[in-house]
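This chain uses plain numbering: 1 for the first residue, then up along the sequence.
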Amino acid sequence: MLALRTFFALAAAAVAIANPLGRRQTTNTNPQINDIVSTLDGVVHQVMPTILLLQANHTDDDGTVGTQVNTLITGFNTAESALAATPVSSGSTTELPTNDDISIIFADVMSILASGLSGISNTTVPSFTSSVSRLDPSVAAAINQFNITLPGSVKLVHTMMLDATQFLRDEGAFPQTIAALGF
């Protein structure tokens with residue numbers, strides 16, 4: 001009788017452990033995730049050339065760069081919210097878009113962001129450090145949510161950011177982003 005009770009107790013414990021409370025990854029939501037990341041990529045590909053043009057024309061100041069940083073904040077916040085509303089993906093290494101395809105796009109976003117902001121100085125844009133400090137939590141939240149919605153996706157982004165992360169470090173105002181990337 002004691003052996004039977006022990007058996008049922010262990011069976012009940014095994015069922016509880018095998019069925020965690022988190023959402024199961026049963027659906028490949030990579031197409032939805034790809035759309036979200038591609039939209040963010042479009043925002044970054046629009047904003048960063050504008051910032052570079054402002055620098056080249058010597059018209060970068062608190063107002064002009066601040067407006068572009070606000071656009072980036074909105075883009076990253078929108079991506080984070082959309083990713084949070086997307087079911088966790090089972091992912092795929094064979095069906096397009098693959099996990100790596102999406103991670104490469106996200107790494108492109110991060111690389112362009114890091115290198116594009118590296119040329120701005122506090123001399124021409126005195127509030128740049130505070131602007132970047134406002135951008136940092138939005139970028140970090142998008143990275144973290146990306147890694148939740150597409151589990152393990154930041155590993156490739158981390159690898160692809162090994163060189164570009166120096167720009168984030170040089171700004172000195174991206175501690176949350178650097179941590180979210182695993183550095």
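In the hydrophobic clustering of ILVMFWY residues, with side-chain heavy atoms under 4.5 Å counting as a link, M160 and I33 come out apart. Linking ILVMFWY residues whenever their side-chain heavy atoms come closer than 4.5 Å, directly or via other members, places F174 and I73 in the same cluster. Hydrophobic clustering (side-chain heavy atoms under 4.5 Å, transitive across Ile, Leu, Val, Met, Phe, Trp, Tyr) groups I112 together with V43.
In this structure, F76 CZ and Q145 CD are separated by 14.5 Å, a value rounded to the nearest 0.5 Å. Note that CZ of R134 is 10.5 Å distant from CG of L72, once rounded to the nearest 0.5 Å. In this structure, the separation between CG on N34 and CG on L96 is 9.5 Å, given to the nearest 0.5 Å. Note: I36 CD1 to F106 CZ = 11.0 Å, rounded to the nearest 0.5 Å. Once rounded to the nearest 0.5 Å, the distance linking CG of L83 with OG1 of T149 reads 5.0 Å. Here I104 contributes atom CD1 and D108 contributes atom CG; the two are 10.0 Å apart, rounded to the nearest 0.5 Å.
When each of S153, S92, S89, S90 is checked for a side chain to side chain donor-acceptor pair (under 3.5 Å) with N30, only S89 meets the rule.
Between the side chains of D41 and S38, not a single donor N or O lies within less than 3.5 Å of an accepting N or O. Between the side chains of T129 and N122, at least one donor N or O sits under 3.5 Å from an acceptor N or O.
Heavy atoms of other residues, nucleotides or ligands lying less than 6.0 angstrom from CG of D163 number 12 at most. Summarising the local packing, CD of Q166 is surrounded by more than 12 heavy atoms from other residues, nucleotides or ligands at distances under 6.0 Å.
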With side-chain hydrogen bond (donor to acceptor under 3.5 Å, both in side chains) as the test, would you mind laying out the steps for S133 and D136 before giving the verdict? CA-CA 5 Å; S133 294; D136 182 40; over 6 Å; no
